[in-house]
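Everything below concerns the one structure shown next.
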Amino acid sequence: MIKNLVIVESPAKAKTIEKFLGKEFTVMSSYGHIRDLAKKDLGIEKEKGYKPKYIQSPDKKNVIKELRDASKTAEMVWLASDEDREGEAIAWHLFEVLKLDANKTKRIVFHEITPKAITNAIQNPREIDYNLVNAQQARRVLDRLVGFELSPLLWKKVKPSLSAGRVQSVAVRLLVEREREIIAFEPDSAFRITGDFQDSGSGKFELTAELNKRLKTSSQVTDFYESIKGQDFQVSSVQKKPGKKSPAAPFTTSTLQQEAARKFGFSVSQTMSLAQRLYEAGHITYMRTDSVNLSNDAIAAAESEIKKSYGENYHKARKYSTKAKGAQEAHEAIRPTYMQNHTVDAQNAEQKLYSLIWKRTIASQMSDAKLEKTTISIPVKNNSDFKFTAQGEVLLFDGFLKVYIESLDDDKKEDVAGLLPPLKEGDNLNLIQSNAIERYSNYPARYTEATLVKKLEELGIGRPSTYAPTISTIQKRNYVVKEDRPGKERTIQQISFKADQIKASKKVETYGSEKSKLFPTDVGMVVNDYLIEHFDKVMDYSFTANVEKEFDSIAEGQRQWSAMIDEFYKPFHQTVEFAEEHSERKSGERILGDDPESGKPVLVRIGKYGPIAQIGTAEDEEKPQFASLRRDQHIETITLEEALELFKLPRQLGEHNGKKVSVSIGRFGPYVRYDSLFASLKKEDDPYSINLERAIELIKEKQEADAKKLIKVFDEAEKIKVQNGKYGPYITHKRKNYRVPKSIDPKTLTYEQCMEIIEKGQKKGTKKKK
DNA sequence: CAGTGAGCGAGCTTCCGCTTGACTT
């Protein structure tokens with residue numbers, strides 16, 4: 001018999017709360033939403049006022065059964081899902097699916113997990129807020145309508161299996177537009193001039209200062225140096241200004257993802273799964289949140305920890321307020337559960353993330369850092385337009401910097417100003433030497449996973465629970481790839497000035513190398529252009545913000561949800577129908593020119609399997625020739641010469657043991673083929689110039705590696721192999737893999753045992769498909 | 001894993017947001 005049944009969304013939360021509530025209460029979890037729109041067709045009855053067709057989620061069958069059994073015996077059921085739109089809907093779905101009795105059901109909310117907050121919630125129950133539920137239904141129905149009408153249109157007009165949606169399509173748009181800005185960017189260059197000075201009094205102090213203006217051309221630089229020949233310099237002013245730095249707010253999901261990426265290079269999904277484990281172990285509060293708020297208990301705990309560890313003057317109580325658009329603030333900020341734990345006992349990566357969260361939280365309750373900024377000015381006497389300045393910074397009091405410094409994104413990084421020598425106004429200086437170095441302006445920074453999340457949050461698009469999945473979806477659809485790209489080289493000019501001598505020289509610098517950046521693919525670009533051409537309203541960056549306003553007015557009871565949907569859907573559906581009938585297939589085709597050998601046109605477009613180059617057209621008598629574009633080549637930017645180069649592969653290198661050896665470039669880069677064996681080329685090998693000798697070397701290496709992987713083969717059937725893999729030993733059979741159970745030593749496996757494992761695995765496979 | 005790229009047509013794909021494990025080669 002259960003007296004009180006409390007239902008929350010997360011099992012870890014259930015465990016914690018149960019401790020606070022005592023014996024009279026049983027706490028269970030719904031594991032998020034328990035039902036959703038039917039997946040078959042639209043799942044919405046458009047003619048009946050957009051009535052949703054809900055289906056119990058298949059993976060929640062057991063959860064629902066357990067909850068139903070428990071709720072039947074309970075005297076009172078407390079629906080304690082989160083205090084936001086989605087949480088309210090979860091409460092309502094529970095009420096409906098579990099067929100609860102209104103007289104024996106109460107709705108409670110709390111947004112911090114403290115005994116006080118929970119007792120308070122129990123004492124102040126309310127009813128299910130149907131306005132809020134309807135706002136959620138409107139959100140859900142709108143997303144389904146957009147996603148399930150646009151995606152099939154793409155299958156027809158571009159390529160099968162593609163997808164479009166309110167969130168993912170705008171994320172791709174951001175990347176495509178940034179990429180085009182970069183392609184169109186024309187760098188500008190100017191000479192940055194620095195001077196190394198020494199005081200002519202004691203000769204003890206040296207300082208490097210920068211000229212206040214950059215000069216466009218080398219002749220302007222030479223003219224400048226000519227004009228200062230033989231000149232002496234003097235400090236005209238030493239200005240000191242007090243400054244301060246304040247700590248950043250505690251972590252939300254998005255800021256945690258950004259900072260973990262900057263400091264440790266974690267991907268957003270990596271950060272989330274580490275945080276999940278810390279949460280389940282009870283080390284941190286909930287990790288999917290848009291709130292920077294700390295509970296009063298947490299603020300007090302931070303205060304006593306700071307005073308104990310660093311002293312009274314390091315503490316300053318602070319309250320932060322959320323700036324993010326559309327924040328729903330159902331939870332606290334992400335913080336340690338126990339402020340006194342500077343570290344926790346966990347795996348290395350988890351420990352790193354915990355420590356980051358601890359530092360950020362503690363720092364947020366610490367005093368400002370105080371500093372003094374100094375600017376030393378050194379005028380050029382015969383030209384009042386020019387002066388050299390040096391800037392320095394001295395830390396007077398470290399404050400929160402004692403524990404934590406927030407990192408900057410690469411494009412915002414600046415030179416760190418250090419300490420300046422104690423020069424004063426009127427001090428005479430000698431110019432020991434000066435250097436003018438040509439500096440190019442940088443193109444706009446490409447997005448990383450984390451900076452994309454930041455941008456989406458600023459636009460109010462997506463939620464803490466969806467940032468990581470969205471990024472993985474747009475990569476899965478091949479709209480976007482995350483990769484490194486090597487830099488390119490360019491020559492820059494340098495001019496030096498020393499002992500009244502002017503010398504010019506040249507230097508090679510690499511620029512534009514990228515690490516773990518998101519690049520839109522050709523498919524991403526073509527899909528994006530198609531969607532913008534026909535559905536500019538949904539693709540607008542403010543579309544989500546606009547509909548959010550409408551959801552809010554539904555939540556406040558001022559608007560009827562199906563009327564709002566109708567107002568959106570009618571014109572939207574018309575544009576879908578129009579595009580269906582009137583728009584052309586989009587292949588992104590671009591004609592590059594004529595093939596000098598055959599005189600046939602050379603073109604690039606998206607083919608069935610991705611971007612391809614093609615010589616000749618389907619109408620020609622001869623079949624056209626095809627070649628896949630390489631990963632770093634794009635329909636929009638490839639040249640005729642580069643395209644023609646692609647047709648030189650595959651190259652026949654000759655024979656080895658009577659079998660042909662050829663080289664080509666595949667999905668995973670350049671490879672050598674020998675019979676049915678494929679061996680990847682090494683970085684230093686070039687597929688266009690590699691010779692047979694080197695190719696055989698690679699083949700032998702690959703054969704050896706394969707032999708090492710192999711644990712066992714059977715005489716009975718060549719097709720079965722026992723091999724060693726990343727996840728332990730496994731059996732291959734007819735191109736499928738089956739894991740060897742841990743209880744069996746793979747070396748002792750018999751043929752019969754293998755067949756048994758394979759049969760078992762196949763059964764599992766067919767079950768899954770249902 | 002790495003060959004492909006005509007056209008036909010069956011049957012499939014797809015959204016966002018709330019949650020965890022099961023599973024991966």
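Chain A is the first sequence line, chain B the second, and so forth, proteins listed ahead of strands; every chain is numbered from 1.
- Under the side chain to side chain donor-acceptor pair (under 3.5 Å) test applied with A:D82, the options A:H111, A:K13, A:Q328 reduce to a single match, A:K13.
- A:R288 and A:Y286 share a donor-acceptor pair across their side chains, judged by distance under 3.5 Å alone.
- Mapped onto DNA chain B by nearest heavy atom, A:M287 and A:S161 fall at different nucleotides, with A:S161 at the one closer to the 5' end.
- Under 3.5 Å, the side chain of A:R139 and the base of B:dC16 form at least one donor-acceptor pair of N or O atoms.
- Side-chain contact, A:Y674 with A:Q703: no donor N or O sits under 3.5 Å from an acceptor N or O.
- Counted by atom type alone, A:K46 and A:Y569 present one or more donor-acceptor pairs between their side chains at under 3.5 Å.
- For A:S163, the listed nucleotide lying nearest its side chain is B:dT14; candidates were B:dC18, B:dT20, B:dT14.
- Side-chain proximity of A:Q168 to B:dT20, B:dT19, B:dC15: nearest is B:dC15.
- Between B:dG3 and B:dT24, the distance separating the two P atoms is 26 Å to the nearest Å.
- Taking atom P on both B:dT4 and B:dC8, the two are 23 Å apart, rounded to the nearest angstrom.
- Nucleic acid contact for A:Q276: sugar-phosphate only, since backbone atoms but no base atoms lie under 4.0 Å from a heavy atom of the residue.
- The separation between A:L278 atom CG and B:dT20 atom P is 14 Å, rounded to whole Å.
- As rounded to whole Å, 9 Å separates atom P of B:dA2 from atom CZ of A:R673.
- Considering only the side chain of A:H33, B:dC18 comes nearest among B:dT19, B:dC18, B:dT13.
- Residue A:S10 places none of its side-chain N or O atoms closer than 4.0 Å to OP1 or OP2 of B:dT19.
- Using a 4.0 Å heavy-atom criterion, one finds that A:L145 contacts no nucleic acid atom at all.
- Minimum atom distance to the side chain of A:Y279 is reached by B:dT20, of the listed B:dT13, B:dT20, B:dG17.
- Note on A:G32: a base of the nucleic acid sits closer than 4.0 angstrom, heavy atoms only.
- You'll find a donor-acceptor pair under 3.5 Å spanning the side chain of A:R140 and the base of B:dC15, going by distance alone.
- Contact of A:S628 with B:dG5 (side chain to base): a donor-acceptor pair of N or O atoms is detected under 3.5 Å.
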Handout entry: Pair A:E548-A:K325, salt bridge (Lys or Arg N to Asp or Glu O under 4.0 Å): steps then yes or no
Key = CA-CA 10 Å; A:E548 280 290 340; A:K325 228 183 243 176; over 6 Å; no
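- Among the atoms of the strands shown, none is found under 4.0 Å from any heavy atom of A:R277.
- Closest to the side chain of A:Y31, from the set B:dT13, B:dT19, B:dG17, is B:dT19.
- Closest approach to the A:T466 side chain among B:dG3, B:dC16, B:dT19 is made by B:dC16 (side chain taken as heavy atoms from C-beta onward).
- When the C1' atom of B:dT14 is taken as reference, atom CZ of A:R144 falls 9 Å away, rounded to whole Å.
- Heavy-atom nearest nucleotides on DNA chain B were determined for A:G165 and for A:P469, and the one closer to the 5' end corresponds to A:G165.
- Distances shown here put every side-chain N or O of A:Y467 at or beyond 4.0 Å from the OP1 or OP2 atom of B:dG17.
- When the P atom of B:dC18 is taken as reference, atom CG of A:D84 falls 6 Å away, rounded to whole Å.
- Remark: C1' of B:dC16 and CG of A:L37 are 10 Å apart, rounded to the nearest angstrom.
- A:Y50 OH to A:D566 CG: the interatomic distance, rounded to the nearest 0.5 Å, is 3.5 Å.
- The P atoms of B:dT19 and B:dC23 are separated by 23 Å, rounded to the nearest whole Å.
- Among the heavy atoms of the strands, none lies under 4.0 Å from A:A89.
- Considering only heavy atoms from C-beta on, A:R590 stays 4.5 Å or farther from A:R605 through its side chain.
- At the heavy-atom level, A:V167 lies under 4.0 Å from the strands shown only through sugar-phosphate atoms.
- Not one side-chain nitrogen or oxygen of A:R463 sits closer than 4.0 Å to the OP1 or OP2 atom of B:dT19.
- Between A:R35 and B:dT19, a side-chain N or O to OP1/OP2 separation shorter than 4.0 Å is absent.
- Judged purely by distance below 3.5 Å, without hydrogens or angles, the side chains of A:Y279 and A:T285 never pair a donor atom with an acceptor atom.
- In this structure, A:R166 is not positioned above the aromatic face of A:F543 in the sense of NZ or CZ being under 6.0 Å from the six-membered ring centre and within 45° of the axis.
- Among the nucleotides B:dA2, B:dT14, B:dG5, the one closest to any side-chain atom of A:F626 is B:dG5.
- Taking atom CG of A:D36 as the reference point, atom P of B:dT14 lies 15 Å away to the nearest angstrom.
- Atoms NZ (A:K623) and C1' (B:dG5) sit 8 Å apart, rounded to a whole Å.
- For A:Y286, taking side-chain heavy atoms from C-beta onward, the closest of the listed nucleotides B:dT19, B:dG17, B:dG5 is B:dT19.
- Counting non-hydrogen atoms under 4.0 angstrom, A:G462 reaches the backbone sugars and phosphates but no base.
- The nucleotide whose nearest atom lies closest to any side-chain atom of A:R166 is, among B:dG3, B:dG17, B:dC15, B:dG17.
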Handout entry: Watson-Crick and G-U pairing of DNA chain B, under 3.5 Å, as dot-bracket with | and [ ]
Key = .........................
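- Taking atom CZ of residue A:R288 and atom C1' of nucleotide B:dC16, one finds them 14 Å apart after rounding to whole Å.
- Defined by atom type and a distance below 3.5 Å, a donor-acceptor pair is present between the side-chain atoms of A:E86 and A:H33.
- Residue contacts shown for A:P11 are limited to sugar-phosphate atoms, with no base heavy atom under 4.0 Å away.
- A salt bridge links A:E645 to A:K648: one of the charged nitrogens lies within less than 4.0 Å of a carboxylate oxygen.
- Proximity note for A:W155 (side chain, C-beta onward) versus B:dT14, B:dC18, B:dC15: the nearest is B:dT14.
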